[in-house]
Amino acid sequence: QEQLVQSGGGLVQAGASLRLSCVASGFTFSSLTMGWFRQAPGREREFVSHIRWSDLRTNYDDSVKGRFTISGDAAKNTVYLQMNSLKPEDTAVYYCAAERTVREGTSPFEYRYWGQGTQVTVSS
């Protein structure tokens, strides 16, 4: 059974760093595109970043470029989101997502598999 289990997150001050982890089980990891999305209260779920394991191609939303880094460990079936220089506007519930075939990979509707979500709160 396919499953994504997230860890990490928490409450930090602006400028701090956090790392989120997402362990994928029940998948052939190398065939996946894995992404991170976030959803703030009253807002739609929005794209943050994704990585395509077949060629390790990555993509980032402009709002996080240069501050966030997506990476993974295929041996551990785990993808990470390293978040540096956090800002209050990064506050949201962050979700890990996975899918075998995506087009752009930036819409949440392209992904069938989702982690449970983890809260990231950045205070000013």
Side-chain angles (χ1 to χ4, degrees):
Q1 181 178 358
E2 297 93 347
Q3 189 176 15
L4 301 175
V5 178
Q6 299 178 222
S7 61
L11 170 62
V12 296
Q13 291 188 330
S17 298
L18 282 174
R19 189 176 79 160
L20 306 181
S21 301
C22 176
V23 179
S25 59
F27 296 95
T28 300
F29 198 66
S30 60
S31 70
L32 291 179
T33 293
M34 294 190 70
W36 289 97
F37 288 78
R38 65 187 180 186
Q39 188 165 18
R43 300 189 63 174
E44 294 184 350
R45 193 167 298 189
E46 64 179 20
F47 170 74
V48 175
S49 179
H50 71 62
I51 184 167
R52 188 169 63 190
W53 283 109
S54 60
D55 58 6
L56 297 181
R57 182 174 180 175
T58 61
N59 190 19
Y60 297 91
D61 183 76
D62 287 346
S63 65
V64 305
K65 279 182 181 176
R67 301 188 298 122
F68 291 11
T69 302
I70 191 169
S71 64
D73 185 335
K76 296 181 179 179
N77 284 3
T78 300
V79 66
Y80 305 99
L81 185 68
Q82 178 66 41
M83 305 184 292
N84 298 330
S85 302
L86 281 161
K87 304 176 181 180
E89 51 263 45
D90 294 317
T91 295
V93 177
Y94 282 70
Y95 294 91
C96 171
E99 187 52 76
R100 294 180 178 87
T101 302
V102 299
R103 297 186 65 182
E104 298 296 325
T106 58
S107 168
F109 298 105
E110 296 184 76
Y111 296 83
R112 286 180 292 169
Y113 306 101
W114 290 88
Q116 78 275 21
T118 185
Q119 178 70 45
V120 171
T121 303
V122 185
S123 63
S124 58

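Numbers for residues simply follow the sequence, beginning at 1.
Connection of L86 to F47 is not established within any shared hydrophobic cluster, with ILVMFWY side chains joined at heavy-atom distances below 4.5 Å, either directly or through further cluster members. Criterion: ILVMFWY side-chain heavy atoms under 4.5 Å apart, direct or through other members. Under it, V64 and Y111 are not part of a common hydrophobic cluster. L18 and V93 are members of different hydrophobic clusters when ILVMFWY side chains are connected at heavy-atom separations under 4.5 Å. A continuous path of Ile, Leu, Val, Met, Phe, Trp and Tyr side chains, each step under 4.5 Å between heavy atoms, connects Y60 with V79, placing both in one hydrophobic cluster. Hydrophobic clustering (ILVMFWY, side-chain heavy atoms < 4.5 Å, transitive): M83 and V12 are in one cluster.
Between W36 and C96, the closest side-chain pair of non-hydrogen atoms falls below 4.5 Å. Taking 4.5 Å as the limit, every side-chain heavy atom of V122 sits out of range of all side-chain heavy atoms of E89. You'll find the side chain of M34 reaches within 4.5 Å of the side chain of L4, heavy atoms only. Within the 4.5 Å cutoff, the side chain of F68 has heavy atoms near those of the D90 side chain. The closest side-chain heavy-atom distance from K87 to R67 is below 4.5 Å.
Taken to the nearest 0.5 Å, the CZ atom of R52 stands 6.0 Å off from the OG1 atom of T33. Atom NE2 of residue H50 and atom OG1 of residue T106 lie 6.5 Å apart, to the nearest 0.5 angstrom. To the nearest 0.5 Å, atom CG of residue L81 and atom CZ of residue F37 are 12.0 Å apart. In this structure, OG in S7 is found 8.0 Å from CZ in R19, a value given to the nearest 0.5 Å.
Counting heavy-atom neighbours within 6.0 Å of R57 CZ, excluding the residue itself, gives a total of 12 or less.
Closest heavy-atom contact between E110 and E99: O-CG, 3.2 Å. Nearest heavy atoms, Q82 versus S17: NE2-CB, 3.8 Å. Between R38 and A92, the shortest heavy-atom distance links the atoms CB-CB, 3.8 Å.
The residues D62 and K65 are annotated as salt-bridged, a charged nitrogen and a carboxylate oxygen being separated by less than 4.0 angstrom.
Note on residues 73-106: no pairs pass ring pair (Phe, Tyr, Trp, His ring centres under 6.0 Å), not counting sequence neighbours.
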